[in-house]
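Notes follow the structure.
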Amino acid sequence: MAKNAAENTPSVENIKDAVAAIEKIDQELLTEKMAYMKRCKVIRDRRADQFDHAADRGIRKKLLKAKIKERGLRRKADAVADDFEDDDLDEYAMLSEKLGDFGDLPLGQAALSRAERAQAGA
């Protein structure tokens, strides 16, 4: 015989307890996030100070930020194959060789063309 639907329904007390417990955990998460953000702000301020210091020495912030980003992306790209096994590395190298350098690709050619135009105009 089938159970009565009311028997499967949680009690009001169980619902309130569950909601209160989850809300308490959410508050703990928020507190931790705020503390983390506060610590990060100190580090971000130090980073900004370094950009200001570089600017005082004649290095344009915009260009320095671009170079920092490029280096980070290059490290990330270089790390893609770090965990490959030997046979995977061989095939990865073969794919890279067949695809060619960035300058051989349409996007790379467009970037190089734009850079040449910019240099010609400078």
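Positions are given from 1 along the sequence.
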Identify the two heavy atoms, one from M37 and one from R44, that lie closest to each other, and give their separation to 0.1 Å. O-NH2, 3.9 Å
Around atom CZ of R47, are there more than 12 heavy atoms of other residues, nucleotides or ligands at under 6.0 Å? no
Hey, what do you get for NZ (K24) to CG (D26), rounding to the nearest 0.5 Å? 12.5 Å
More than 12 heavy atoms from other groups under 6.0 Å of CD on E70: yes
Separation between OH of Y92 and CG of D90, rounded to the nearest 0.5 Å: 13.5 Å
How long is the span from the CG atom in L89 to the CG atom in D83, to the nearest 0.5 Å? 9.5 Å
Using links of under 4.5 Å between side-chain heavy atoms of ILVMFWY residues, direct or through other members, which residues join F51 in one cluster? I59, L64, I68
Verify side chain to side chain contact (heavy atoms under 4.5 Å, CB included) between R114 and R117, making sure each step is shown before the conclusion. CA-CA 5 Å; R114 181 176 177 191; R117 284 192 310 271; 3.8 Å; yes
Shared hydrophobic cluster for M34 and L29 (ILVMFWY, side-chain gaps under 4.5 Å): no
Where do I43 and R46 land on the side chain to side chain contact (heavy atoms under 4.5 Å, CB included) test, with the steps shown first? CA-CA 5 Å; I43 296 169; R46 285 188 6 234; 4.0 Å; yes
Nearest-0.5 Å distance that lies between atom CG in D45 and atom SG in C40: 11.0 Å
More than 12 heavy atoms from other groups under 6.0 Å of CG on D86: no
Does a side-chain heavy-atom distance below 4.5 Å link D78 with R74? yes
Counting only heavy atoms not in N14, do more than 12 sit closer than 6.0 Å to its CG atom? yes
Looking at E85, I'd like to know if its CD atom is crowded, meaning that more than 12 non-hydrogen atoms belonging to other residues, nucleotides or ligands lie closer than 6.0 Å. no
